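The structure under discussion appears below in the form of structure tokens.
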Amino acid sequence: MSNYHIKNLEEYFQVYRKSVQNPENFWGEIAEENFLWRKTWDKVLEYDLSKPEVSWFKGAKLNITENCIDRHLFSRGEKTAIIFEPNDPSEKAQHITYNELHERVCKFANVLKNQGVKKGDRVCIYLPMIPELAVSVLACARIGAIHSVVFAGFSASALATRINDCDCKIVISSDGSFRGSKSIDLKGIVDEALKSCDGVSSVLVAKRTNTEVQMKEGCDVWLQPLLDEASSNCPAEMMDAEDPLFILYTSGSTGKPKGMVHTTAGYMVYSAYTFKNVFQYREADVYWCTADIGWITGHSYIVYGPLANGATTVMFEGVPSYPNHGRFWEIVEKHKITQFYTAPTAIRALAKEKIDFVEKHDLSSLKVLGTVGEPINEEAWHWYNDAIGHQKCPIVDTWWQTETGGIMISPIPYATPAIPTFATLPLPGIQPALMDENGKELEGNQVSGRLCIKFPWPAMARTIWGNHERYRETYFSTFENSYFTGDGALRNSTGFYRITGRVDDVIIVSGHNLGTAPIEDAINEHPAVAESAIVGFPHEVKGNALYGYVILKESGESRNQDNLRKEINQMISDRIGPIAKLDKIQFTSGLPKTRSGKIMRRILRKIASKDIKDLGDTSTLLNPEVVQEIIDNAL
Ligand code: 6R9
């Protein structure tokens, strides 16, 4: 039996058991049978979680681009590696074959070399979702440069902080970017950022919008002429298994963003293995993940995981609402997408729109649906299952983090059952544990606590760039010898996991622990409600009371607000209990969200507590304008 592809429940149990009984054998076999190594390892795993130090496949030599590109050229050279679907549906989609990808990556890698980039140097990539983004990521990996992709929706100051934190010498960007009906002046943002980045020697500029930009002498260079001249011969740099592959920033609850460092071999093996199993990927599939490559989801499940499997992966430049709310479904039909992976926030937004947008399109190619990024509420789950999957496509609710590098807890289609709102079972090799506040592991089922992982897995981040102590302190000091995720979870009577949200979102009301997610689920079941967010605010008697921010559907907007408040509280009372009723309910047109669609509860908490003096940095929000509206109407 091959461990690499799990096809049914029995296999899952067998493989899982093996993976925890003998992790070294398990991962060693998978690595040996499915990847291209220039030299194999001396030791599969060495670790000490108190330091913490972890190394996978120590002594091995490889290059991840040989695994993602070169080795496919014999059998899949003319197969499409990347489908680029532009923002504007009237612009033709591009199909980039593995042969073409090889040539483009090698040329780009030579351009970087000619710019003086060497193994170990950091390269900042600030690009929209155009082919150059995937190509530049792979070009860095080809020559052993460490890429640091910054999501092209971040502001100049956020970009500057990230460039400086890891001393990037080179920035790769474009003249502009298209997002729906908007055209954004990316180069202008780079110019602004570079005013405070002394270490950057050059900016390579791709052309996308053909807008006029300022090109600074001696620093800014157009990319295309350099690519035209570059040789398409670029042997891959030999990397050690534990050489850093990339840095990706994630925001912490406090302080500056954390540059999570991922290394080469373990990350490759894990992202490829999880891609294959979680999406039940097969050779002829056309897989689409709607994330941006600026997030970990794009790194692992648009670029590395799919390409390591020789898959066809779609890159979509635009937004789900342009030119109308049927865009996602139009693309599914157009490219006959087989696996579709998106975020609950997108599902909720599209579920609010007329069903015609969905029904106009033939979605019969779909086989597996995925979600990631936040807990998916029951209503959204059912809409996804009914309207999109026609109850025929297993839904994988995939729980993981920037820090984990790959999917950790998730159903495996046709093997482990899916249950709405449950991420279900750990993938092979993943050993979750739930801890109580005193650091004691909670044994058995029907328990809830803090979610930890008590054994290393290949794709775990190895450190925070330039600050190993912060890495230890943040993730390995709360519970001894365990990685602390920052999330809470419950394990039901059959051992399935439900992620209940960040533990800092737990609110204690009159001594009762209340998770925000189940209350929000209850509210969202009200037919007039589109979305909601709950926070705590100080209360004389109860310690904390609950404050709800509620977005109404169009149908609810004309209703009497006091009646709606009563009905919402009745719903919560019915679903959870009177203890979870809200003291205040504010109706609002939007909720402050991060660029990856997570609600910024920190801001909502401050407004609810009437503490609006220091709301912190709101400039990186998706919708900063909504903050003032919420303040103006606060109760
Ligand atoms: C991949 C990604 C990580 C945090 C994580 C958790 C939340 C992600 C989830 C989920 C419930 C899921 N999260 N997937 N919560 N169910 N299926 O999103 O990485 O941006 O680092 O966020 O997102 O709270 O701790 P990242």
Side-chain angles (χ1 to χ4, degrees), residues 251 253 343-352 371 373-381 421 486-488 498-509 513-539 544-553 556-557 561 564-565 567-569 571-572 575-576 579-612 615-616 618 620-635:
S251 39
S253 39
T345 179
I347 297 169
R348 286 195 298 266
L350 294 174
K352 260 169 57 175
T371 76
E374 54 178 321
I376 179 163
N377 51 301
E378 190 128 9
E379 203 189 357
W381 194 97
T421 77
D487 283 321
R498 177 188 197 173
I499 312 302
T500 46
R502 305 293 303 183
V503 287
D504 33 24
D505 293 339
V506 170
I507 307 166
I508 309 205
V509 180
N513 271 19
L514 297 175
T516 52
I519 304 176
E520 289 163 5
D521 278 358
I523 300 173
N524 296 350
E525 279 180 42
H526 190 289
V529 171
E531 196 172 0
S532 61
I534 304 299
V535 295
F537 71 99
H539 186 278
N544 289 299
L546 298 177
Y547 194 116
Y549 297 88
V550 174
I551 306 178
L552 292 175
K553 287 183 185 154
E557 277 167 8
Q561 296 204 339
L564 274 174
R565 286 193 178 95
E567 289 171 21
I568 288 171
N569 263 332
M571 241 106 188
I572 299 174
R575 299 285 186 288
I576 299 161
I579 181 68
K581 284 213 280 200
L582 310 182
D583 276 36
K584 293 183 181 177
I585 299 179
Q586 176 179 349
F587 296 106
T588 173
S589 72
L591 294 166
K593 291 211 174 145
T594 65
R595 301 274 173 177
S596 58
K598 293 189 182 40
I599 298 168
M600 280 281 262
R601 289 168 206 278
R602 182 174 58 77
I603 293 173
L604 295 175
R605 248 188 314 261
K606 288 208 162 190
I607 298 174
S609 312
K610 303 202 185 312
D611 170 23
I612 54 168
L615 288 181
T618 56
T620 61
L621 288 177
L622 194 62
N623 50 353
E625 70 287 350
V626 82
V627 175
Q628 194 56 47
E629 181 208 305
I630 295 178
I631 294 173
D632 292 342
N633 300 322
L635 302 168

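Just so we're clear, the structure is a prediction, and the values are computed from it rather than from any experiment. The first residue of the sequence shown is numbered 1, and numbering continues consecutively from there.
- For the pair Asn569/Ile585, a side-chain contact is recorded, criterion being any heavy-atom separation below 4.5 Å from C-beta on.
- Under the 4.5 Å side-chain criterion, counting only non-hydrogen atoms from C-beta, Ile630 is in contact with Pro592.
- Residue pairs satisfying the salt bridge (Lys or Arg N to Asp or Glu O under 4.0 Å) criterion with at least one member in residues 582-598, sequence neighbours excluded, are listed as follows: Glu531-Lys593, Lys542-Asp583.
- Residues meeting the salt bridge (Lys or Arg N to Asp or Glu O under 4.0 Å) test with Glu625, sequence neighbours left out: none.
- Looking only at side-chain heavy atoms (C-beta outward), Pro344 and Pro375 stay at 4.5 Å or farther from each other.
- Closest non-hydrogen pair, Val535 versus Tyr549, comes out as CG2-CE1, 3.9 Å.
- Comment: Arg601 engages Glu520 in a salt bridge, judged by a side-chain N to carboxylate O separation of less than 4.0 angstrom.
- Inter-residue side-chain proximity for Tyr547 and Leu635 is flagged as met; some heavy-atom pair is nearer than 4.5 Å.
- Residue Glu567 holds its CD atom at 4.0 Å from NE2 of His526, rounded to the nearest 0.5 Å.
- Taking all atoms of both residues into account, the shortest heavy-atom contact from Val626 to Leu591 is CG1-C, 3.9 Å.
- The two residues Ser532 and Val550 come nearest to each other via the heavy atoms CB-CG2, 4.2 Å.
- A 4.5 Å side-chain heavy-atom check between Ile551 and Thr588 finds at least one atom pair inside the cut-off.
- Taken from OG1 in Thr618 to CG in Asn623, the straight-line distance is 10.0 Å, to the nearest 0.5 Å.
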